[in-house]
Every structure is written in C-alpha cells, then in structure tokens.
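Single-structure report; data block below.
Because the structure is a prediction, the values reported are computed rather than measured.
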Amino acid sequence: MAENVLETVRTTVQDFIAPELRTHGVRLDNIDRRLDELRSSVEHRIDDAKETLRAGMHALDARLVS
C-alpha cells in the first residue's frame with residue numbers, strides 16, 4: 001500500500017509538477033534576459049543624456065566666458 005502511494009506521488013510529480021517547473025524555469029530565464037536587455041538600454045540612454053548635458057554645459061560655459 002505504501003509503495004502504491006509512493007508510486008502515485010512519483011508519477012504525479014513526473015507527469016505534472018516537473019514539466020510545470022521546467023516551463024517556469026524557461027519563463028524566468030526569458031524574464032532575466034529581457035531585464036538584462038532593458039538594463040543595458042537604460043544604461044545607454046543615461047550615458048547619452050549625460051553626454052548631451054555635458055555638451056550643453058560646455059556650450060553655456062563658452063557663452064559665459066565670451
């Protein structure tokens with residue numbers, strides 16, 4: 001009887017839970033990849049904004065000096 005219960009639990013885990021866990025693992029990997037892409041994009045946008053601000057500050061400094 002105990003063996004039958006254990007076999008039922010093992011089968012349930014293999015047939016239903018394990019595939020769901022794999023699916024969720026794949027989804028989490030995709031989310032991680034998308035977050036990395038988003039982080040990289042935001043970092044580039046911040047760097048571009050910094051350069052624009054620096055150029056504006058240099059132009060303003062030049063106008064103030066002259």
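For the atom pair Asp47 CG and His44 NE2, the distance stands at 7.5 Å (nearest 0.5 Å). Interatomic distance, CG of Asn4 versus OG1 of Thr8, reported as 4.5 Å (0.5 Å rounding). Here the CG-OG1 distance, from Leu28 to Thr23, works out to 11.0 Å after rounding to the nearest 0.5 Å.
At a threshold of 4.5 Å between non-hydrogen side-chain atoms, the residues Thr11 and Glu7 count as touching.
Partners of Arg45 by side chain to side chain contact (heavy atoms under 4.5 Å, CB included), not counting sequence neighbours, listed by chain and number: Ser41. Remark: Leu21 pairs with Ile17 by the side chain to side chain contact (heavy atoms under 4.5 Å, CB included) rule, at least two apart or across chains. With sequence neighbours left out, Arg63 forms a side chain to side chain donor-acceptor pair (under 3.5 Å) with no residue at all. Applying the side chain to side chain donor-acceptor pair (under 3.5 Å) criterion to Arg54, with sequence neighbours excluded, gives Glu51. Listed by chain and residue number, nothing satisfies the side chain to side chain donor-acceptor pair (under 3.5 Å) test with Glu3 (two or more places apart in sequence, or in another chain).
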Determine all donor-acceptor pairs shorter than 3.5 Å in which one atom belongs to a side chain in residues 32-39; sequence neighbours excluded.
residue: Arg33; atom: NH1; partner: Glu37; partner atom: OE2; Å: 3.2
residue: Arg39; atom: NH1; partner: Glu43; partner atom: OE2; Å: 3.4

